[in-house]
2 protein chains.
Amino acid sequence: MGRDYKKSDTELLIKNTARDLFFKEGKFGATTQEIADAAKVNRTLINYYFRSRNNLFSIIFQEAVEQEEIFTQEILYSDLPFKQKIENYIDRSFQRAKEFPYLESYIVSRLNEGHLYAKKEDWERFIERFKTEFEEEVRKGNIKEMEPIQFIVNIASLISFPFAARPLLQTTLRISTEEFDKLISQRKEVIMKVLFK
Amino acid sequence: MGRDYKKSDTELLIKNTARDLFFKEGKFGATTQEIADAAKVNRTLINYYFRSRNNLFSIIFQEAVEQEEIFTQEILYSDLPFKQKIENYIDRSFQRAKEFPYLESYIVSRLNEGHLYAKKEDWERFIERFKTEFEEEVRKGNIKEMEPIQFIVNIASLISFPFAARPLLQTTLRISTEEFDKLISQRKEVIMKVLFK
DNA sequence: ATTGTGTTTGACAATTTTGTCAAGCGCAAA
DNA sequence: TTTGCGCTTGACAAAATTGTCAAACACAAT
């Protein structure tokens, strides 16, 4: 309505179906035929709306990364104590990981094929703000001293790895899906305990 | 010599080349032709020695996982203080990650296709021993209280994620390869600081 | 009713990739 | 030298996958 935009139902259907296939079911290598079948549409429509398989992939990938950035920024720029923000971020991440269990491992593995994103100024503003808040916390003695970027890597690692490597962890640790879910549910507390003094 | 075994040079060559393609160069989707080219052998030899492409993959994967297990057990069963063991484990992991930069992300992504390993008794012996040592450390006040398994997940996350998600981190954090290497080199200290009180 | 545009379809061609096979090669043992 | 066996090769067939195209369809605007 707004202008031209209507984005035919089918176009959205295909994109969402593909997204679910990747992120929810972990079928990273899904072919156009499989996507078409899952969406119950003619395979050719994928080419019609997205030109090529690769293009469809790129679009889905791009959108996922953008979502992630929006989440992160929303939280950082919210008006809350630093520790609160971290808690929110963990919650948000877990929530998202619950909806798209394979999102993390998809992003991790697909990124090898080279991609770029995020405007430079946005990032600089972001990291500057983070540094300030982080160093204030260190000064207050709530966090052990370290480079802010190491702290970020810690957060990302502690949150994302269990999801990205869920199959790996489940088999090596020999725990059932139920036990793993329980482990995840206790995870927020553990992460906070580890990140803060 | 020892018995029958000789394992023709070519067989080893193919396996090692494929391994390098996957783990060193991150070419997860390498076709049999690409592998053959890289090894400078006829493509058919892959079928001759390994029957199918999938089988070759499985073997390489299996061996990698076994190596990982051997490393881990060697360290746990060594005669050193707990904290030392963790340090050794970090060193070993980083060393390995330096040789095979894509090993982690390969394992993480490939495991979605379902695999199994490690004998049950071995694992039980392992986790039992770990628990004992871990809880002793907690009692001594060197580690915050938490489930031993959470501690393991923390270690794995903090060590592996930066490597598994290196491309992701480098682009999101907007740092050069040199800066990332520097970050990694300071990482051991950071991880120890985070794991122990 | 007709026109036009966006949507959908099935068939086709091109390409890629995998696995098989029969034949040839090298070399050590008889 | 001949035999046997492991190793290697090129050619072939089969399957899978992607992208293109012309034609048919739906339906709203004229």
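Treat the numbers as computed from the prediction; the structure is a model and nothing was measured. Throughout, a chain's letter reflects where its sequence line sits, starting with A, and its residues are numbered from 1.
Checked against D:dT8, D:dT9, C:dT18, the side chain of B:Asn42 finds its nearest nucleotide in D:dT9. Distances from the side chain of B:Thr44 to the nucleotides D:dG19, D:dA11, D:dT8 place D:dA11 closest. The nucleotide whose nearest atom lies closest to any side-chain atom of B:Asn47 is, among C:dT8, D:dT8, C:dG19, C:dG19. Side-chain proximity of A:Thr10 to the nucleotides C:dG19, C:dT8, D:dC7 is greatest for C:dT8.
Geometrically, A:Arg96 does not engage A:Phe163 in a cation-pi contact, judged by NZ or CZ lying under 6.0 Å from the ring centre and within 45° of the ring axis.
Looking at A:Arg43, its side chain comes within 3.5 Å of the base of D:dG19 through a donor and an acceptor atom.
Aromatic ring centroids of A:Phe50 and A:Phe57 lie 6.0 Å or more apart. Checked against the 6.0 Å centroid criterion, the rings of A:Phe22 and A:Phe61 do not qualify as a close aromatic pair.
In this structure, A:Arg53 atom CZ and C:dT16 atom P are separated by 15 Å, rounded to whole Å. Nucleotide D:dG6 holds its P atom 16 Å from the CG atom of B:Asp9, rounded to whole Å. Atom CD of A:Glu34 is separated from atom C1' of D:dT18 by 13 Å (rounded to the nearest Å). Between B:Ile14 atom CD1 and D:dT8 atom C1' the separation is 11 Å, expressed in whole Å. As rounded to whole Å, 17 Å separates atom P of C:dG10 from atom OH of A:Tyr48. When the C1' atom of C:dT17 is taken as reference, atom CD1 of B:Ile35 falls 12 Å away, rounded to whole Å.
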Exercise for review: Begin from the C-alpha positions of A:Ile60 and A:Tyr106 and carry the test side-chain contact (heavy atoms from CB on, under 4.5 Å) through to its verdict.
Suggested key: CA-CA 11 Å; A:Ile60 291 176; A:Tyr106 182 86; 5.5 Å; no
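Heavy atoms of B:Thr31 sit under 4.0 angstrom from primed sugar atoms or phosphate atoms, though from no base atom.
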